[in-house]
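The next block holds one structure in the form of structure tokens; read it before the comments.
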Amino acid sequence: MADPVLSIQNLHKSFGALKATDGVSIDLHPGEIHALIGPNGAGKSTLIHQICGTVKPDSGTITLAGREIGRLPVAERARLGLGRTFQISSLAGEFSALRNVMLAVQAGQGSSFAFFKPVMRDRSLTDAAMDRLERVGLAARANVTASELSHGEKRQLEIAIALALDVKAFLLDEPMAGMGPEGSKVLTGFLDSLRQEAPILLVEHDMDAVFALADRISVLVYGRVIATGTVNEIRNDPAVRQAYLGDHA
Amino acid sequence: MSRENILNLVLALALLAVPYIAQAAGQPFTITLATRIAILALAATGLNIALGLGGLVSFGHAAFFGVGGYVAGILSSHAFSGDPMLFGLPGSKQMLVVWLVAMGTAGLLGLAIGVISLRTSGVYFIMITLAFAQMVYYFAMSWPAYGGEDGLSIVVRNQFPGVNTMRPMNFFMICYGVLLVGIVLSALIRSSRFGAALQAVRQNDVRVAAVGISPMPIRLTAFVLSAMLTAVAGALYADLNRFVSPSMLSWHMSGELIVLIILGGTGRLMGPVAGAALYVIFEHLLGGLTERWQFFLGLILLATVLFARGGLIGLIAGKVRHG
């Protein structure tokens with residue numbers, strides 16, 4: 001198998017006596033969707049924070065495309081190709097959808113230290129941003145202020161922003177959260193096609209989506225990965241059923 | 001043309017017209033008032049880059065305003081006496097030199113203050129910028145070489161090539177010209193890539209970091225640019241009064257600049273001009289009626305914050321629109 005794009009090895013993080021991350025190792029291979037599931041309090045958020053750079057791990061390594069990123073600041077990791085969406089939509093609320101994406105295009109192009117050329121007249125920004133909005137089906141809402149978008153549209157916008165970066169690995173934190181059944185179905189189809197762009201580490205509570213999308217699943221309980229495997233392996237794993245899935249599988 | 005642009009144009013032309021009308025009507029003092037408006041508007045335009053675009057509520061911009069003033073005073077006093085300054089450099093009576101030195105000095109000071117202050121945010125940022133400005137204030141108070149608490153007089157106003165700066169009308173035009181340059185620069189910055197990043201940092205710095213732009217260098221650059229522009233205003237202010245004292249560095253001054261911006265409209269291009277005009281007019285009219293004019297200014301400020309968050313510009317032109 002090819003080298004993993006994103007590799008987390010033996011990651012530890014404690015808050016006092018609480019072991020939030022207890023020797024977690026997860027690999028994300030090219031072209032795959034790897035779902036991370038687990039009950040509330042399992043340490044999913046802490047793990048994501050460590051991958052993104054907002055929480056420092058106590059020990060262990062995180063490598064992206066062969067490069068150790070575990071000690072780099074958030075922005076540096078993003079520049080190296082870690083594209084993330086947030087559990088709760090995190091946008092520049094006063095900017096239009098287009099300008100939110102333009103900011104990411106601008107970041108991808110390198111420098112934000114240009115003081116004189118107006119961004120709205122810069123076709124390299126507006127065209128690229130519009131293209132990403134079209135791909136997520138949000139082109140008609142390009143000029144709507146981000147804070148006025150509906151919940152589902154905000155989620156779409158987050159993905160458009162991630163698409164604007166030269167992403168090597170996506171980290172999607174509960175993209176289905178708060179979506180209606182119809183929206184979830186559309187988004188599931190979209191994520192399925194997104195894996196051609198870059199592999200996806202998908203943290204999700206919506207089991208229908210996880211089972212439909214994931215190539216592999218890791219189950220996190222009390223900061224440990226208790227099982228990693230294909231959808232069928234996980235469905236039939238007795239430990240997983242007891243800890244998490246219950247009757248759902 | 002949008003409503004805000006029309007309003008901006010009207011404001012710019014009105015400020016230009018006032019001194020001409022005053023001169024024709026034989027009211028030379030009004031020219032000084034208009035000059036004061038232009039200078040305070042320039043100082044607030046500087047602050048507005050940090051505060052309005054970047055959301056950095058600096059309560060210490062008097063430091064940069066005052067440093068600009070002291071640069072003007074110190075350079076001109078050395079030029080007058082012929083004594084060399086630091087490193088044996090001569091003084092200067094040229095405004096252009098004074099402005100450059102003021103920008104350089106304030107830029108370095110802004111860099112030093114910014115590097116430390118920008119590690120904090122919210123109330124802590126307000127307090128730490130205040131603390132730094134107070135340090136500069138007490139330093140000036142206790143530095144006898146340049147007048148200490150008595151301040152420093154500028155015997156003859158600094159010079160500008162080809163212009164007699166002692167004539168009020170000429171000096172107004174210089175200040176007005178510099179103000180326009182400052183406004184145009186801040187308009188360019190606002191619509192540029194840097195401005196986009198800066199405004200996004202104000203709205204959501206987590207998002208900005210997540211797309212790969214580090215917020216700290218963006219904030220620091222804005223803070224330094226902001227300090228430099230405010231320092232030029234300080235140099236002009238010292239030339240207007242032909243006097244510079246620690247009061248230019250005091251926290252009242254920092255507060256006054258913030259009040260100007262709030263009255264005019266936070267983050268609005270011409271907010272500082274509208275705010276400075278309102279402030280100077282209130283000060284002049286109410287100040288003529290009562291010594292307690294600031295009490296009434298407080299009421300107006302309260303009404304602005306409660307009922308007209310966007311200040312004068314917001315009241316007339318509506319909410320901010322991002323292209």
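Note on naming: letters A, B, ... go to the chains in the order of the sequence lines (proteins, then strands), and numbering restarts at 1 for each one. Please read these numbers as outputs of a predicted model, since none were measured by experiment.
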If we define contacts as heavy-atom pairs under 4.5 Å, which of [options] has the most with chain B?
options: A:Cys52, A:Ser90, A:Ala107, A:Pro118; answer: A:Ser90
options: A:Phe95, A:Phe86, A:Phe116; answer: A:Phe95
options: A:Thr54, A:Val74, A:Leu98; answer: A:Val74
options: A:Ala114, A:Gly83, A:Ala104; answer: A:Ala114

Go through A:Phe115 and B:Leu185 one step at a time and tell me if the side chain to side chain contact (heavy atoms under 4.5 Å, CB included) criterion holds. CA-CA 9 Å; A:Phe115 298 87; B:Leu185 281 177; over 6 Å; no

Applying side chain to side chain contact (heavy atoms under 4.5 Å, CB included) to B:Thr221 and A:Phe113, what does each step give before you reach the verdict? CA-CA 9 Å; B:Thr221 307; A:Phe113 287 89; 3.1 Å; yes

Of the backbone (N, CA, C, O) and the side chain (C-beta and beyond), which part of B:Leu225 lies under 4.5 Å from a heavy atom of chain A, both, or neither? side chain

Say you draw a straight line from [atom1] of [X] to [atom2] of [Y]; how long is it, rounded to the nearest 0.5 Å?
X: B:Ser191; Y: A:Met120; atom1: OG; atom2: CE; result: 10.5 Å
X: A:Leu103; Y: B:Gln203; atom1: CG; atom2: CD; result: 9.5 Å
X: B:Gln199; Y: A:Glu94; atom1: CD; atom2: CD; result: 8.0 Å

Short question: side chain of A:Arg79, backbone of B:Gly212 - any donor-acceptor pair under 3.5 Å? yes

Can any side-chain N or O of B:Asn204 pair as donor or acceptor with the backbone N or O of A:Leu91 at less than 3.5 Å? yes

Name the member of B:Ala196, B:Pro215, B:Ala187 that forms the most heavy-atom pairs with chain A at distances under 4.5 Å. B:Ala196

Does any backbone or side-chain atom of [X] lie under 4.5 Å from a heavy atom of chain B? Answer side chain, backbone, both or neither.
X: A:Ser111; result: backbone
X: A:Pro73; result: neither
X: A:Gln106; result: both
X: A:Leu125; result: side chain
X: A:Ile161; result: side chain

Minimum heavy-atom distance between A:Ala78 and B:Ala210, given as atom pair plus value: CB-O, 3.2 Å

Is the count of non-hydrogen atoms from other residues, nucleotides or ligands lying under 6.0 Å from [X] atom [atom1] greater than 12?
X: A:Arg71; atom1: CZ; result: yes
X: A:Asp166; atom1: CG; result: no
X: A:Ile88; atom1: CD1; result: no

Inspect the contact between A:Glu158 and B:Arg207 and indicate whether a charged nitrogen and a carboxylate oxygen are less than 4.0 angstrom apart. yes

